Protein chains: 2
Amino acid sequence: MTTLTAALPNIFSTLEHDHKKCVSKALDTAQHLCVVRGVQLTPIRLQVLELIWDSHKAVKAYDLLDRFKLQQQAAKPATIYRALDFLIEQGLIHRVESLNAFVGCNCSEHQHELLLLICKHCHEVDERPAPKVMAVLSEEFSQAGFIAYSKAIEAQGICLKCQQSQDEQNSLTGRTDLSVNLKPYSVFDLSQD
Amino acid sequence: MTTLTAALPNIFSTLEHDHKKCVSKALDTAQHLCVVRGVQLTPIRLQVLELIWDSHKAVKAYDLLDRFKLQQQAAKPATIYRALDFLIEQGLIHRVESLNAFVGCNCSEHQHELLLLICKHCHEVDERPAPKVMAVLSEEFSQAGFIAYSKAIEAQGICLKCQQSQDEQNSLTGRTDLSVNLKPYSVFDLSQD
DNA sequence: ATCAAGGATGTTATAATATAACATCACACT
DNA sequence: AGTGTGATGTTATATTATAACATCCTTGAT
């Protein structure tokens with residue numbers, strides 16, 4: 001079993017992922033960075049960050065608001081959006097553009113460009129550094145004479161964990177293919193007409 | 001002059017870009033693809049496509065609606081969104097996730113993954129095939145055991161044309177740097193603490 | 001000790017983006 | 001004529017995000 005899970009690239013596999021540790025590392029880093037930068041990680045901002053780190057799924061602002069309200073009943077959208085703005089500015093979370101949602105950044109202490117692997121099935125987001133991709137991207141930019149100020153590489157797909165649990169289901173139901181319910185990203189090509 | 005403009009990677013440079021030709025090519029391709037695929041490029045869908053191709057800027061749905069209303073006063077959001085859905089499905093336009101906006105696809109006849117260079121200044125979007133980027137990306141996916149169904153690579157920055165026109169302005173105003181008004185995508189790195 | 005300045009938050013309202021749900025229409029096939 | 005399908009019309013509403021202005025709190029200058 002250990003060998004199996006050790007082989008899994010998916011870092012959130014429940015068998016090897018200690019989420020409490022993961023969260024406390026993220027919060028510690030956040031505290032540290034804010035102190036160093038002389039910015040305030042206020043109770044509201046910290047609470048929102050904690051809510052985001054509740055899972056590795058991308059969360060919607062209004063879902064955060066609903067959960068935030070359990071503690072601060074009078075909270076309004078602006079409360080959440082302001083906290084989100086701050087956290088994004090400080091690189092502590094990412095905005096997932098293709099979902100209008102937010103996810104904790106798991107390497108906020110480093111300068112980095114981001115590759116987000118977004119699972120359509122479980123909605124977890126796996127953030128990867130992907131330096132090779134970024135190097136090639138930079139080449140493209142300079143070829144185009146383009147000065148890039150932000151890069152958001154977001155890929156929608158199915159994570160390994162969900163592929164596997166789907167495989168299990170399929171072995172029971174007789175289904176063989178996950179992709180039947182999904183449209184591949186490009187289904188037409190007339191270039192060889 | 002010809003040599004100068006010929007050296008410009010920016011394909012929308014007004015000096016070399018015949019937009020009428022560009023649009024009619026796009027519309028012809030769209031018509032052709034729809035016939036081949038047996039789907040209907042209805043008057044509404046065609047009109048919306050034309051409105052989008054009015055420029056190479058990304059357009060908002062409600063801006064399209066406003067312009068559409070000049071011809072069909074009673075039009076409602078659903079009219080536009082339905083047309084947009086169709087055009088996206090057919091690969092005739094792209095949704096720019098980071099802007100909640102839409103832009104014509106300039107190579108809809110080919111299967112392709114997209115690299116969108118989005119100019120913060122003029123809002124034009126330069127779509128590039130970028131096969132190298134995509135190859136490296138695919139490597140990343142397989143390393144992660146991730147099955148990707150869509151890729152949207154969107155980079156925000158300043159296109160060459162705007163850099164140049166800004167340079168001209170700066171030579172008059174004495175400014176030297178475009179980036180002063182812009183936040184680079186990563187301004188902090190504590191990794192060498 | 002006041003007072004001004006700046007940052008954070010509270011509060012109300014509204015803007016901007018997008019979809020649901022159901023009715024109707026038009027055309028194609030039988 | 002009847003039926004099915006895809007497109008559109010129409011109303012309403014959901015979802016996401018920001019504007020604008022008031023208040024409060026800390027800090028530092030006078």
Side-chain angles (χ1 to χ4, degrees), chain A residues 30-31 33-35 37-49 51-52 57-69 71-90 92-103 118 123 152 154, chain B residues 30-31 33-52 57-69 71-90 92-103 118 123 152 154:
Chain A
Q31 302 265 18
L33 287 179
C34 289
V35 169
R37 293 173 188 159
V39 296
Q40 301 177 50
L41 189 58
T42 61
I44 288 180
R45 291 165 175 175
L46 181 57
Q47 259 180 282
V48 170
L49 184 59
L51 288 175
I52 290 174
K57 300 184 198 307
V59 231
K60 302 276 188 174
Y62 277 72
D63 290 344
L64 286 172
L65 177 57
D66 288 342
R67 289 200 271 140
F68 190 87
K69 277 181 172 171
Q71 301 171 328
Q72 315 271 332
Q73 211 188 327
K76 302 283 186 302
T79 307
I80 299 300
Y81 280 104
R82 282 172 184 152
L84 291 172
D85 287 346
F86 171 86
L87 296 170
I88 289 170
E89 255 174 41
Q90 297 302 321
L92 302 173
I93 63 172
H94 297 299
R95 190 187 149 82
V96 183
E97 300 289 353
S98 54
L99 297 178
N100 295 330
F102 306 85
V103 72
I118 304 158
H123 304 119
E154 301 183 4
Chain B
Q31 302 265 18
L33 287 179
C34 289
V35 169
V36 169
R37 293 171 189 162
V39 296
Q40 301 179 50
L41 189 57
T42 61
I44 288 180
R45 290 165 177 177
L46 182 57
Q47 260 179 280
V48 171
L49 185 58
E50 285 174 339
L51 288 175
I52 289 174
K57 299 185 199 306
V59 230
K60 300 275 187 175
Y62 276 72
D63 290 344
L64 285 173
L65 177 57
D66 288 342
R67 290 199 270 140
F68 191 87
K69 277 182 174 172
Q71 300 171 331
Q72 316 270 333
Q73 211 188 327
K76 302 282 186 304
T79 308
I80 299 298
Y81 280 105
R82 281 172 184 152
L84 291 172
D85 286 347
F86 172 86
L87 296 170
I88 289 171
E89 254 174 42
Q90 298 302 320
L92 302 173
I93 64 172
H94 297 300
R95 189 187 150 83
V96 182
E97 300 289 353
S98 53
L99 298 178
N100 294 330
F102 306 86
V103 72
I118 304 158
H123 303 119
E154 302 183 5

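In what follows, chains are A, B, ... by sequence order, proteins preceding strands, each numbered from 1. Note that the structure is a prediction, hence the values are computed from the model and not measured.
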OP1, OP2 of D/dT18 versus side-chain N and O of A/Tyr81: anything below 4.0 Å? no
Which one, D/dG6, C/dT17, D/dG9, comes nearest to the side chain of B/Gln40? D/dG6
On DNA chain D, nearest-nucleotide positions of B/Pro43 versus B/Asn100: which is more 5'? B/Pro43
Using a 4.0 Å cut-off on protein heavy atoms (strictly under), produce a 5'-to-3' string for nucleotides 25-30 of chain C with B for base contact, S for backbone-only sugar-phosphate contact, and - for none. ------
Selected nucleotide, minimal atom distance to A/Pro77 side chain, candidates C/dT19, C/dT11, D/dT18: D/dT18
Taking donor-acceptor contacts at under 3.5 Å, does the side chain of A/Tyr62 reach the base of D/dA17? yes
Specify the separation, in whole Å, of atom CG of A/Leu65 and atom P of C/dT11. 13 Å
Quick check for you: among D/dA17, C/dT11, D/dT10, whose closest atom lies nearest to any side-chain atom of A/Ala61? D/dA17
For B/Gln40 and B/Phe86, work out which heavy atoms get closest and say how close. O-CZ, 3.4 Å
Using only side-chain N and O atoms of A/Arg95, determine if any of them is under 4.0 Å from OP1 or OP2 of D/dA17. yes
Not counting sequence neighbours, which residues clear side chain to side chain donor-acceptor pair (under 3.5 Å) with B/Arg95? List them please. B/Glu97, B/Asn100
Just the table, please: protein N/O against nucleotides 21-24 of chain C N/O, every pair under 3.5 Å.
residue: C/dA21; atom: N6; partner: B/Arg82; partner atom: NH2; Å: 3.3

Name the closest nucleotide to the B/Ile44 side chain, picking from D/dT8, C/dT17, D/dA17. D/dT8
Please round to the nearest 0.5 Å and tell me the distance separating atom CD of B/Glu50 and atom CZ of B/Arg45. 14.5 Å
Below 4.0 Å: OP1/OP2 of C/dT17 and any side-chain N or O of B/Lys60: yes
Side-chain contact check for A/Thr79: nearest option of C/dA18, C/dT11, D/dA17 is C/dT11
Where is the tightest heavy-atom contact between B/Val59 and B/Ile52, given as atom of each residue plus distance? CG2-CA, 4.2 Å
